[in-house]
Peer 1: 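Before anything else, here's the structure in question.
We count ligands from 1, going down the list as the structure has it; atoms in each ligand are counted the same way. Note that the numbering runs from 1 along the sequence shown for the chain. Bear in mind the structure is a predicted one, so any value in this text is a computation, not a measurement.
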Amino acid sequence: MALSAKAVPQTIPRIAPREDLNIFRISQIQFDIAAEHLKLDAGLRQVLRTPKRVMEVSVPTKMDNGQVKVFSGYRVQHNIARGPAKGGVRYHPGVTLDEVKALAMWMTWKTAAVNIPFGGAKGGIICDPKRMSKSELERMTRRYTSEILPIIGPARDIPAPDVYTDSQTMAWMMDTYSMVVGYSSLGSVTGKPVSLGGSEGRNEATARGCLFVTEEACKVKKLNFRGATVAIQGFGNAGSIAARLFTEKKAKVIAISDSRGGVYNTRGIDPYKAARYKERSGTVVGMAGTSRISNDDLLTMKCDILIPAALENVITLNNADQIKAKIIAEAANGPTTPHADEALAKRGVMVLPDILANSGGVTTSYFEWVQDLQNFFWTETEVNAKLETVMKRAFHEVHENSRKHHVHMRTAAYILAVGRVADATIVRGLFP
Ligand code: GLU
């Protein structure tokens, strides 16, 4: 492709007195490593390492006390070469534009890694949803949806849940979109309640996809999944459901945590009890029959499988060498830094990268969107079987790439994903 551009950094900087934890730069480093393997030309690299479209909106919201509060919201579309933009919406006090840009780019690679016909996008609002009432959240969600409405839609960009948003949030988004366009647009949003065109299996899909690829990784690593010990950081949608699904398949969950701290019991933790306890007390901390552990210590505790299922940058140069797990399955987006990746690979730890390990969520979002567009709905068994096929194929394609290129699983996944997006971009050509 004859696009010219300045040279871009090709590899991770060799000396890191202090690691750069800006996740947009991290996402670009990860991309650059793959671009180098693929020998992409400089112009194409510039196209793929920056978002296509960034929207920043003010979200004035009437609070329950009658006062108006203005929240900042974003929607970033990184790439639409292979299909409509796709990705979740995050509500968190720590949201930044750089974070949303990184998360949008990761969605592009994620949809390409599992080969579903979407691009990548992400949205976010800087807010503290835990301190907002349900009606405040509804008003904020509806106003945010109307602000980003010009750039979303079933053929443009399809939002979904992410950190601290759920099927109720998606129902409000779908309703707001539908009221404006004048008809019920089921395909405008995914992760909706099943009663509103949501898909069977979507709620569990991120964790189930993570389970499928971890089972395959265990076979490769010759680790017995039955009885394998599992530590899970984060007890939201992905973490809590992973605890349940891994336990059902006879792995042993020995530690779980949330934003307030963690608990462990080397004889195993009952995931159902933990979910009920968290429902009542707002945290897993203090659950009967467990001892307290910090989030930091959970990451480095003795276990076979570590599942980071919370936020970014938790596995860094600071703790990578202390990690004892044999497999890390990234249910969260961006939990591991590039320097930590290298340190872990050196020690033979297999990292199942986010764009593979948590892609079950968006894969089932794709199934939901297809069902919505066809008005023809599948059973949970059908959905899960299709998910299993997609996840296992993606795992083996990535693993094959890892052997072929002598790279760790993240770079292997990037080579696969970036290669697909690059091919689509080249064959489409540059407009005008
Ligand atoms: N937010 C999820 C993710 O990071 C799901 C995105 C989707 O279903 O579109 O993959």
Side-chain angles (χ1 to χ4, degrees), residues 23 27 74-80 82-92 95 99-114 116-125 148 152-167 169-171 173-174 186-193 197-210 213 234 236-239 241-242 308-312 329-335 352-372 383 386-387 390-391 394 413 417:
I23 68 160
S27 69
Y74 307 100
R75 185 72 185 171
V76 174
Q77 296 168 347
H78 172 259
N79 189 284
I80 56 166
R82 301 176 61 261
K86 184 82 192 82
V89 177
R90 171 174 296 203
Y91 291 172
H92 195 274
V95 164
E99 181 189 47
V100 181
K101 279 158 75 175
L103 290 161
M105 169 139 59
W106 286 331
M107 286 308 304
T108 302
W109 313 139
K110 197 184 297 185
T111 54
V114 284
I116 55 177
F118 283 138
K122 202 75 163 204
I125 303 182
I148 63 166
I152 60 171
R156 290 180 200 279
D157 178 358
I158 306 116
D162 195 76
V163 174
Y164 295 143
T165 55
D166 58 16
S167 60
T169 324
M170 296 307 116
M173 291 192 82
M174 176 271 177
L186 295 182
S188 56
V189 177
T190 62
K192 302 181 299 300
S199 178
E200 297 288 350
R202 174 63 186 88
N203 192 43
E204 298 78 26
T206 307
R208 194 176 296 281
C210 185
V213 293
N237 170 279
I241 299 175
L311 294 170
E312 302 94 37
E330 295 184 336
N333 289 310
L352 302 174
D354 46 9
I355 63 166
L356 173 68
N358 71 36
S359 61
V362 73
T363 300
T364 304
S365 274
Y366 167 58
F367 298 152
E368 178 174 336
W369 179 73
V370 168
Q371 292 171 78
D372 289 336
V383 171
K386 286 186 168 67
L387 178 64
V390 170
M391 297 305 300

Peer 1: Counting N and O atoms only, with roles assigned by atom type, does the side chain of W106 sit under 3.5 Å from a partner on the main chain of D354, one being a donor and the other an acceptor?
Peer 2: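 Between the backbone of D354 and the side chain of W106 there is no qualifying donor-acceptor contact (under 3.5 Å).
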Peer 1: Identify, by atom number and element, the atoms of ligand 1 in contact range of D162, meaning under 4.0 Å from any of its heavy atoms.
Peer 2: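 Contacts of ligand 1 toward D162, numbered from 1: 1 (N), 2 (C), 4 (O).
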Peer 1: Write down the atom of T190, the atom of P161, and the distance for their closest heavy-atom approach.
Peer 2: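 Looking at all heavy atoms of both residues, the shortest contact is O-CD, 3.5 Å.
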Peer 1: Strictly under 4.0 Å, does any heavy atom of K122 approach an atom of ligand 1?
Peer 2: yes
Peer 1: Return the residue, atom name and 0.1 Å-rounded distance of the protein heavy atom closest to atom 9 (O) of ligand 1.
Peer 2: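 So the nearest neighbour among protein heavy atoms is K86 NZ, 2.7 Å.
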Peer 1: Enumerate the atoms of ligand 1 whose separation from the nearest heavy atom of M107 is less than 4.0 angstrom.
Peer 2: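 Once the distances to M107 are compared, the set is 3 (C), 4 (O), 6 (C), 10 (O).
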Peer 1: Does Y91 have any ring-ring contact (aromatic ring centres under 6.0 Å, His included) partners at least two apart in sequence or in another chain, and if so, which?
Peer 2: none
Peer 1: Residue-level breakdown please: for T364 versus ligand 1, do any non-hydrogen atoms fall below 4.0 Å on the side chain, on the backbone, on both, or on neither?
Peer 2: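 No part of T364 is near ligand 1 at this cut-off.
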Peer 1: Where is the nearest protein heavy atom to atom 3 (C) of ligand 1: which residue, which atom, and how far?
Peer 2: K110 NZ, 3.2 Å
Peer 1: Relative to ligand 1, is R202 under 4.0 angstrom through side chain, backbone, both or neither, heavy atoms considered?
Peer 2: side chain
Peer 1: Out of all atoms in ligand 1, which are within 4.0 Å of some heavy atom of G87? Include the element for each.
Peer 2: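 In order of numbering, the contacting atoms are 9 (O).
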Peer 1: Measuring from non-hydrogen atoms of G191 to any atom of ligand 1, is the shortest distance under 4.0 Å?
Peer 2: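 Not so, G191 does not reach ligand 1.
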Peer 1: For ligand 1, is any non-hydrogen atom under 4.0 Å from P159's backbone (N, CA, C, O), its side chain (CB onward), both, or neither?
Peer 2: neither
Peer 1: I need the nearest protein heavy-atom contact for atom 8 (O) of ligand 1: residue, atom name and distance, please.
Peer 2: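 Looking only at protein heavy atoms, the one closest to atom 8 (O) of ligand 1 is S365 OG, 2.6 Å.
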Peer 1: Atom CD in E99, atom OG in S27: separation rounded to 0.5 Å?
Peer 2: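 Between E99 CD and S27 OG, I get 11.0 Å after rounding to 0.5 Å.
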Peer 1: Looking at every heavy atom in both V114 and M391, which two are closest together, and how far apart are they?
Peer 2: CG1-SD, 4.5 Å
Peer 1: Under 4.0 Å from a heavy atom of V362: give me the atoms of ligand 1 that qualify, with their elements.
Peer 2: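 Heavy-atom distances to V362 below 4.0 Å select 7 (C), 8 (O), 9 (O).
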Peer 1: Would you mind checking which non-hydrogen protein atom is closest to atom 7 (C) of ligand 1, with the distance to 0.1 Å?
Peer 2: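 Residue, atom and distance for the closest contact: A160 CB, 3.3 Å.
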Peer 1: What are the two closest non-hydrogen atoms of M107 and G120, and how far apart are they?
Peer 2: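 Nearest pair, atom of M107 first, then G120: CB-CA, 3.6 Å.
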Peer 1: Over all heavy atoms of both residues, which pair between V213 and L352 is shortest? Give the atoms and the distance, please.
Peer 2: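 Shortest heavy-atom separation between V213 and L352 comes out as O-CD1, 3.8 Å.
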Peer 1: Which residue supplies the protein heavy atom nearest to atom 2 (C) of ligand 1, what is that atom called, and how far is it?
Peer 2: P161 O, 3.7 Å
Peer 1: Which pair of non-hydrogen atoms, one from F367 and one from L387, has the smallest distance, and what is that distance?
Peer 2: CE1-N, 3.6 Å
Peer 1: If you look at every heavy atom in V362 and I116, which pair is closest and at what distance?
Peer 2: O-CD1, 3.7 Å
Peer 1: If you count the atoms of ligand 1 from 1 in the order shown, which ones are under 4.0 Å from a heavy atom of G88?
Peer 2: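 Answer for ligand 1: 1 (N), 6 (C).
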Peer 1: Using modelled atom types only, decide if a donor and an acceptor are shared between the side chain of E368 and the backbone of G191 within a distance under 3.5 Å.
Peer 2: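 Yes, E368 side chain to G191 backbone: donor-acceptor pair under 3.5 Å.
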